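One structure is given here, and the rest of the page talks about it.
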Amino acid sequence: MSTADRESFDAIRRMHRILTMHFIEGMKQIDIATRTNLSVASVNRIIKQGRDLGMVEITIRSPFESAFDAARKLAERAGLAEVVAAPCPTLDDPSRLKAAGKAAASFLLEHLRDGQTICVTGGKGVSALVEALDTDQKFDVSVVPATGGVQGKHYTDVNHLASELALKLGGRAYQIHVPMFAASPQERDALMQVRSCIEALDRARNADVAVVGIGSIHAVDSSYFDLTSEASGDIAAIRESRAEAELLAHLLDGAGRVAPYALNRHLVCVTPDELARIPMTLGVAAGSAKVSPIISVLKGHYLKALATDEHTAVEIVGRLDQKDR
């Protein structure tokens, strides 16, 4: 071995030793410096050199690695800023939605800041988030509906969900006192001029965070038909419009565009395009029946983040990959 080779070996050996002490044994740089008779600056420089030479590979493992992997793949595939795919041991849809609701609640708490406004829709996904949310921290936030009101089931009542979310966060809730569906496009235009409606929807459009459900249209238990009795007798027109999803009570086609369906012109609410301009938009949905609707919404680029379950995320990626072949 030449002198140059020996010097190179000695330098790499010392580097390997310092990297092992730091990354494997968990020693602080000041302790390594004491052990090796080097300055802290020299230890820091050697660690950086080792990383630059590719001598350090950090692997983080988790018992939920498959869920994290599914979320990462979906985020990359769909161009989302973040996906949370909750692990779920069964394929039972209620269990999957509950898991997605918990994941969505955790995501919201991580991203929430004092002074923000949150706009919400109704729906089973948003209801699952509100039910799962549990925190002792209080936030100085406002919660406002993104749509007009619907009487009936707790998960369709957007005023109720806004109030419950505000109560759990320690913030304040605003209400909207006009119906989601007007009797006609003309009545819709008139309702949109009501001062309380203007103020509520302006707050929603200018929100910092939006939490929205994603509805299925073709599932037997689709909550879209809980929003208005008129839609349940309009199945043929819905099919003719090629609707695949519901977002903000708007029916969307498979490409994520607002479908040419008559009741879309009766809606008192924030539009999907207005939703897309909100800085953080979180969709909450889970289950096999939601795969096509989620894909439709993703194609419209209305969301920045999605909370779902691992099985749904895997199904979505598989479906998107099939369409590209």
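Just so it is clear, the values below take in all heavy atoms, side chains as well, and ignore hydrogens, waters and symmetry mates. No experiment lies behind these values; they were computed from the predicted model shown.
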Audit row: Val120, Ile118, side-chain contact (heavy atoms from CB on, under 4.5 Å) steps and yes/no: CA-CA 7 Å; Val120 298; Ile118 311 163; 4.1 Å; yes
Spatial distance of atom [atom1] ([X]) from atom [atom2] ([Y]) [nearest 0.5 Å]:
{"X": "Ile32", "Y": "Arg17", "atom1": "CD1", "atom2": "CZ", "value": "9.5 Å"}
{"X": "His250", "Y": "Leu263", "atom1": "NE2", "atom2": "CG", "value": "11.0 Å"}
{"X": "Tyr155", "Y": "Asp226", "atom1": "OH", "atom2": "CG", "value": "4.0 Å"}
{"X": "Leu133", "Y": "Leu108", "atom1": "CG", "atom2": "CG", "value": "6.5 Å"}
{"X": "Thr156", "Y": "Lys124", "atom1": "OG1", "atom2": "NZ", "value": "10.5 Å"}
{"X": "Glu240", "Y": "Tyr261", "atom1": "CD", "atom2": "OH", "value": "11.0 Å"}

Looking only at non-hydrogen atoms, find the nearest pair between [X] and [Y] and report the distance.
{"X": "Cys119", "Y": "Ile278", "value": "SG-CD1, 3.8 Å"}
{"X": "Val158", "Y": "Gly148", "value": "CG1-O, 3.7 Å"}
{"X": "Ala86", "Y": "Ala103", "value": "CB-CB, 4.0 Å"}
{"X": "Ala285", "Y": "Ala100", "value": "O-CB, 4.4 Å"}
{"X": "Ala183", "Y": "Glu187", "value": "N-OE2, 3.0 Å"}
{"X": "Leu247", "Y": "Leu252", "value": "CB-CD1, 3.9 Å"}

Evaluation steps, side-chain contact (heavy atoms from CB on, under 4.5 Å), between Leu165 and Val126: CA-CA 10 Å; Leu165 181 58; Val126 178; over 6 Å; no
So does [X] pair up with [Y], basic N to acidic O under 4.0 Å?
{"X": "Arg277", "Y": "Asp273", "value": "no"}
{"X": "Arg96", "Y": "Glu315", "value": "yes"}
{"X": "Arg77", "Y": "Asp321", "value": "yes"}
{"X": "Asp31", "Y": "Arg35", "value": "no"}
{"X": "Lys168", "Y": "Glu164", "value": "no"}
{"X": "Arg113", "Y": "Asp208", "value": "no"}

State, with a plain yes or no, whether a side-chain heavy atom of [X] is found less than 4.5 Å away from one of [Y].
{"X": "Leu306", "Y": "Phe107", "result": "no"}
{"X": "Lys138", "Y": "Leu169", "result": "no"}
{"X": "Thr117", "Y": "Val141", "result": "no"}
{"X": "Thr36", "Y": "Met21", "result": "yes"}
{"X": "Val268", "Y": "Phe181", "result": "no"}

Linking I/L/V/M/F/W/Y whenever any side-chain heavy atoms sit under 4.5 Å apart, do [X] and [Y] land together?
{"X": "Val56", "Y": "Ile18", "result": "yes"}
{"X": "Leu161", "Y": "Leu167", "result": "no"}
{"X": "Val144", "Y": "Met280", "result": "no"}
{"X": "Val40", "Y": "Met15", "result": "no"}
{"X": "Val84", "Y": "Val209", "result": "yes"}

Under the 3.5 angstrom rule, does the side chain of [X] hit a backbone N or O of [Y] as a donor-acceptor pair?
{"X": "Glu274", "Y": "Val270", "result": "no"}
{"X": "Thr312", "Y": "Thr308", "result": "no"}
{"X": "His22", "Y": "Met27", "result": "yes"}
{"X": "Thr281", "Y": "Lys304", "result": "yes"}
{"X": "Tyr302", "Y": "Gly256", "result": "yes"}
{"X": "Ser222", "Y": "Ser216", "result": "yes"}
{"X": "Asp309", "Y": "Leu97", "result": "no"}
{"X": "Asn264", "Y": "Val258", "result": "no"}
{"X": "Ser106", "Y": "Lys102", "result": "no"}
{"X": "Asp114", "Y": "Asp140", "result": "yes"}

Would the number of heavy atoms belonging to other residues, nucleotides or ligands and lying under 6.0 Å from [atom1] of [X] be above 12?
{"X": "Glu131", "atom1": "CD", "value": "no"}
{"X": "Arg72", "atom1": "CZ", "value": "yes"}
{"X": "Glu25", "atom1": "CD", "value": "yes"}
{"X": "Arg205", "atom1": "CZ", "value": "yes"}
{"X": "Lys48", "atom1": "NZ", "value": "no"}
{"X": "Asp134", "atom1": "CG", "value": "no"}
{"X": "Leu53", "atom1": "CG", "value": "yes"}

Show every donor-acceptor pair shorter than 3.5 Å between a side-chain atom in residues 188-201 and any protein atom, with sequence neighbours excluded, or say none if there are none.
unit_1, atom_1, unit_2, atom_2, d
Arg188, NE, Leu267, O, 2.9
Arg195, NE, Glu199, OE2, 3.1

Verdict with reasoning, Arg203 to Ser142, per side-chain hydrogen bond (donor to acceptor under 3.5 Å, both in side chains): CA-CA 9 Å; Arg203 286 183 186 275; Ser142 300; 5.2 Å; no
Could you list the donor-acceptor pairs under 3.5 angstrom formed between side-chain atoms of residues 289-299 and any protein atom two or more places apart in sequence or on another chain?
unit_1, atom_1, unit_2, atom_2, d
Lys290, NZ, Ile214, O, 2.9
Ser292, OG, Arg319, NH1, 2.8
Ser296, OG, Asp253, O, 2.5

Under 3.5 Å side-chain donor-acceptor pair for Ser66 and Glu310: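 A pair is found: one side chain offers a donor N or O, the other an acceptor, under 3.5 Å apart.
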Evaluation steps, side-chain contact (heavy atoms from CB on, under 4.5 Å), between Leu275 and Leu248: CA-CA 9 Å; Leu275 173 73; Leu248 290 156; 3.7 Å; yes
Derivation and outcome, side-chain contact (heavy atoms from CB on, under 4.5 Å), residues Phe23 and Glu57: CA-CA 10 Å; Phe23 290 105; Glu57 291 185 3; over 6 Å; no
Partner residues of Tyr174 under the ring-ring contact (aromatic ring centres under 6.0 Å, His included) criterion, sequence neighbours left out: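 Expected list: none.
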